[in-house]
J.: 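One structure follows; several queries about it will come next.
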Amino acid sequence: MLKKIFLLLMALWFVSGCGAIDSLTGAEKEPEEITLPGNPLERAAVQGLITSYKESTMWQIQKVEVKSATPMAPTGVLIELQDPKEVYCVCLEYEARYKVNWTTSQGSPWEKTVRNILVIKTQGDQYLPVRPMNICPAFCN
């Protein structure tokens with residue numbers, strides 16, 4: 001009897017291990033690699049988006065596309081903190097999904113998302129994404 005229970009437990013362990021091996025070998029579709037645009041303003045916005053999602057390891061993004069870049073007037077707080085030459089709200093459209101790394105399922109379905117990223121041009125002519133400071137609306141058209 002004990003031998004049968006042991007064999008049953010081993011069979012269950014083996015079956016559950018095969019599912020985990022499938023997810024490790026790439027049986028599920030991984031997100032497409034994001035290519036950075038050549039335009040430095042757009043590149044900074046895409047890098048800012050990637051960085052914001054890397055801080056939350058349970059999200060995956062793919063198919064990032066720059067929709068528009070709108071120049072904005074800097075506010076007093078931004079001028080005090082960064083002293084930018086120029087300020088832009090860059091509208092990005094991309095697909096995102098919630099994915100827990102330790103599960104064997106693919107996670108939620110991919111959903112189109114639109115988001116503004118605040119990018120400044122520094123006095124040294126570098127483009128940098130910065131944290132939202134209520135200058136850009138959270139979402140864009």
Side-chain angles (χ1 to χ4, degrees), residues 2-141:
L2 187 58
K3 188 175 182 178
K4 288 182 183 181
I5 292 174
F6 178 76
L7 289 174
L8 180 62
L9 287 174
M10 289 299 291
L12 287 173
W13 177 74
F14 179 75
V15 169
S16 66
C18 288
I21 290 171
D22 284 346
S23 67
L24 292 174
T25 59
E28 71 180 47
K29 185 180 174 194
E30 289 298 315
E32 294 177 13
E33 187 172 329
I34 298 169
T35 56
L36 296 175
N39 179 314
L41 172 63
E42 295 175 358
R43 185 180 320 121
V46 172
Q47 287 173 328
L49 180 73
I50 292 169
T51 299
S52 70
Y53 273 92
K54 279 187 178 177
E55 291 176 4
S56 172
T57 57
M58 292 189 203
W59 284 93
Q60 295 177 321
I61 59 173
Q62 68 177 7
K63 298 181 182 176
V64 179
E65 180 183 341
V66 178
K67 292 307 225 180
S68 65
T70 307
M72 302 297 285
T75 62
V77 173
L78 184 61
I79 292 171
E80 288 176 24
L81 294 174
Q82 302 288 338
D83 190 28
K85 253 189 195 179
E86 299 169 6
V87 178
Y88 298 92
C89 290
V90 182
C91 181
L92 300 176
E93 182 178 89
Y94 57 97
E95 292 182 358
R97 75 174 175 182
Y98 186 72
K99 169 76 167 113
V100 180
N101 292 331
W102 55 85
T103 64
T104 56
S105 65
Q106 288 192 359
S108 66
W110 290 104
E111 293 184 21
K112 283 225 183 259
T113 307
V114 181
R115 182 172 163 192
N116 263 324
I117 301 292
L118 180 62
V119 177
I120 64 167
K121 183 176 183 180
T122 65
Q123 296 297 332
D125 293 332
Q126 298 284 327
Y127 289 95
L128 298 174
V130 293
R131 293 198 181 272
M133 298 181 154
N134 294 328
I135 295 174
C136 300
F139 302 100
C140 50
N141 312 12

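All of these numbers come straight from a predicted model, not from anything done at the bench.
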J.: What is the distance from atom NZ of K99 to atom CH2 of W110, rounded to the nearest 0.5 Å?
T.: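 One finds 10.0 Å between NZ of K99 and CH2 of W110.
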
J.: Parallel under 30°, tilted from 30 to 60°, perpendicular over 60°: which one fits the rings of Y127 and Y88?
T.: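 Rings of Y127 and Y88: tilted, as their planes differ by 30° to 60°.
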
J.: Looking at Q126, I'd like to know if its CD atom is crowded, meaning that more than 12 non-hydrogen atoms belonging to other residues, nucleotides or ligands lie closer than 6.0 Å.
T.: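 Atom CD in Q126 is not packed in, count stays at 12 or less.
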
J.: Does a side-chain heavy-atom distance below 4.5 Å link T75 with N134?
T.: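 No, too far: nothing below the 4.5 Å cut-off.
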
J.: Would you say the side chain of M133 lies within less than 4.5 Å of the side chain of L81, judging by non-hydrogen atoms?
T.: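 They are in side-chain contact.
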
J.: How long is the span from the OG atom in S108 to the CD atom in Q60, to the nearest 0.5 Å?
T.: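 One gets 8.5 Å once the value is rounded to the nearest 0.5 Å.
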
J.: Under 3.5 Å, side chain of R97 to main-chain N/O of P109, donor-acceptor pair present?
T.: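 No, R97 side chain to P109 backbone: no donor-acceptor pair under 3.5 Å.
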
J.: May I ask you to decide if L92's main-chain N or O and R115's side chain share a donor-acceptor pair within less than 3.5 Å?
T.: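 No: the side chain of R115 does not pair with the backbone of L92.
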
J.: Keeping Q47 on the side-chain end and P129 on the backbone end, is there a donor-acceptor pair under 3.5 Å?
T.: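 Side chain of Q47 to backbone of P129: no pair is present.
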
J.: State whether the number of non-hydrogen atoms from other residues, nucleotides or ligands found under 6.0 Å of E111 atom CD is greater than 12.
T.: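 Not more than 12 within 6.0 Å, no.
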
J.: Run the salt bridge (charged side-chain N to carboxylate O under 4.0 Å, His left out) test on K63 and E65 for me, step by step, so that the C-alpha distance in whole Å, both residues' side-chain angles and the decisive distance to 0.1 Å come before the verdict.
T.: CA-CA 6 Å; K63 298 181 182 176; E65 180 183 341; over 6 Å; no

J.: With a 4.5 Å heavy-atom cut-off, do Q82 and T122 have their side chains touching?
T.: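 Counting from C-beta outward, Q82 and T122 never come under 4.5 Å.
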
J.: Taking Q62 for the side chain and P31 for the main chain, is one N or O donor matched with an acceptor at less than 3.5 Å?
T.: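 Such a contact is absent between Q62 side chain and P31 backbone.
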
J.: Would you mind reporting whether N116 and P137 have side-chain heavy atoms less than 4.5 Å apart?
T.: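 Result yes, sub-4.5 Å side-chain heavy-atom pair found.
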
J.: Does some side-chain heavy atom of V46 sit less than 4.5 Å from a side-chain heavy atom of P37?
T.: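 With C-beta onward as the side chain, the pair touches.
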
J.: To the nearest 0.5 Å, what is the distance between CD1 on I117 and SG on C89?
T.: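 Answer rounded to 0.5 Å: 10.0 Å.
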
J.: To the nearest 0.5 Å, tell me how far I79 CD1 sits from I120 CD1.
T.: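 Answer for the CD1-CD1 pair, I79 versus I120, is 11.0 Å.
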
